[in-house]
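Everything on this sheet refers to the single structure shown next.
The chains referred to below are lettered A, B, ... by the order of the sequence lines, with proteins before strands, and numbering in each begins at 1. Bear in mind that the values here come from a model prediction, so they are computed numbers and not experimental data.
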There are 2 protein chains.
Amino acid sequence: MVATAKNDSDVFAAIGHPARRFILDLLAEGDRSVKVIAGHFRMSRPAVSQHLRVLLDAGLVTEQRHGRERRYHFVPEQLGPVRDWIGQYERFWDDRLRRLQKKLSSGNKE
Amino acid sequence: MVATAKNDSDVFAAIGHPARRFILDLLAEGDRSVKVIAGHFRMSRPAVSQHLRVLLDAGLVTEQRHGRERRYHFVPEQLGPVRDWIGQYERFWDDRLRRLQKKLSSGNKE
DNA sequence: AGTATAGGTAAGCAATAGCTTACCAGTCAA
DNA sequence: TTGACTGGTAAGCTATTGCTTACCTATACT
């Protein structure tokens with residue numbers, strides 16, 4: 001049993017804020033302490049802590065203590081619901097692409 | 001020049017609300033009038049109108065008037081930023097999957 | 001013309017989000 | 001043990017979100 005968000009909505013809502021997406025982008029490069037994360041923002045450290053809390057609640061990150069710091073760790077699997085929801089529409093892209101190609105290859109008279 | 005959201009954040013924020021994702025799911029099946037869309041919700045019609053407005057502003061839907069009704073139309077291309085952002089992490093899934101397979105095929109002693 | 005239908009907009013509201021400053025506890029180093 | 005450092009939490013504020021009801025316009029129907 002893995003720690004998960006209460007529901008998928010939390011994940012969608014969590015990535016709704018640009019600062020939180022940026023935090024995930026940072027963590028994708030490797031685990032980071034709060035201090036290092038906060039160093040990339042102009043907002044206060046507590047504000048960053050609060051964003052981390054949202055990500056934690058959504059299960060998108062985990063934390064591990066190392067001495068007096070806490071390293072946050074990205075859990076990409078938790079993006080699954082978003083991935084799935086988006087994936088559902090892949091065929092739209094494909095369909096349109098196919099139609100476009102067909103159009104282009106058939107004379108391209110406009 | 002296609003009508004687009006002012007910025008990508010609008011798209012992420014727009015899909016942050018479950019009702020709006022559901023509306024997009026509905027519209028993916030075909031264009032729908034406001035009345036039909038609202039019929040799937042318990043909230044008032046104006047509330048639905050407001051959600052449609054958010055989707056419109058994000059460029060995720062378009063509207064076309066047909067007599068006294070307005071048909072809303074899904075524009076999946078506008079999900080591009082989300083798709084791209086998520087796509088960035090596909091390798092994580094792949095990497096972990098690969099690691100897991102390797103582990104499983106090498107004795108599976110735990 | 002008169003009435004019904006579709007749907008947007010305004011006003012008002014309660015709840016939530018996002019931020020700040022102030023404060024606290026735990027860890028480390030002198 | 002005294003001080004510096006990391007980082008969470010509380011309180012308080014403002015702006016935004018999500019909803020409601022009331023109202024308006026435009027189209028259609030008879």
Next item on the list: Assign a letter to each nucleotide of nucleotides 12-30 of chain D from its 5' end: B, base within under 4.0 Å of a protein heavy atom; S, sugar-phosphate only; -, no contact.
Entry: ------SBBBB----BS--

Margin query: Check the phosphate of D/dT6 against A/Tyr72, side-chain N and O only, distance under 4.0 Å to OP1 or OP2. Yes or no?
Written below: no

Check: To the nearest Å, how far apart are A/Arg70 CZ and D/dT9 C1'?
Finding: 11 Å

Item checked: Gap between atoms CZ and C1', on A/Arg65 and D/dT6 respectively (whole Å) -> 11 Å

Notebook entry, point to check: Going by number, which of residues 27-35 of chain A have a non-hydrogen atom under 4.0 Å from DNA chain D?
Noted result: A/Ser33, A/Val34, A/Lys35

Item checked: Min side-chain heavy-atom separation A/His17-A/His51 under 4.5 Å -> yes

Checklist line | Nearest atoms (heavy-atom pairs only) where B/Leu60 meets B/Phe74 | finding: O-CD1, 3.5 Å

Margin query: Using whole Å, what does the distance between atom P of nucleotide D/dG7 and atom CD1 of A/Ile37 come to?
Written below: 8 Å

Next item on the list: Examine D/dG7: is either OP1 or OP2 under 4.0 Å from a nitrogen or oxygen in the side chain of A/Ser49? Give yes or no.
Entry: no

Note to self: Just the rounded figure in Å: distance from C1' of C/dC19 to CG of A/Leu52.
What the structure shows: 15 Å

Next item on the list: Indicate yes or no: does A/Asp57 engage A/Arg53 in a salt bridge with an N to O separation below 4.0 Å.
Entry: yes

Check: Quick one: does A/Arg45's side chain get under 4.5 Å of A/Val34's, heavy atoms only?
Finding: yes

Next item on the list: Over all heavy atoms of both residues, which pair between A/Gly59 and A/Gln78 is shortest? Give the atoms and the distance, please.
Entry: O-CG, 2.8 Å

Checklist line | Main-chain N/O of A/Ala14 paired with A/Arg20 side-chain donor or acceptor, under 3.5 Å | finding: yes

Check: Do the side chain of B/Arg21 and the main chain of B/Ile15 share a donor and acceptor less than 3.5 angstrom apart?
Finding: yes

Notebook entry, point to check: OH of B/Tyr72 to CD of B/Glu63: how many Å apart, nearest 0.5 Å?
Noted result: 4.0 Å

Check: Between C/dA10 atom C1' and B/Arg53 atom CZ, what is the distance in whole Å?
Finding: 13 Å

Next item on the list: Determine whether B/Val48 and B/Phe22 fall in the same hydrophobic cluster, where Ile, Leu, Val, Met, Phe, Trp and Tyr are linked whenever their side-chain heavy atoms lie under 4.5 Å apart.
Entry: yes

Check: When the distance from CZ of A/Arg71 to P of D/dT6 is rounded to whole Å, what number comes out?
Finding: 13 Å

Next item on the list: Please report, rounded to the nearest Å, how far the P atom of C/dG8 is from the CD atom of B/Glu69.
Entry: 11 Å

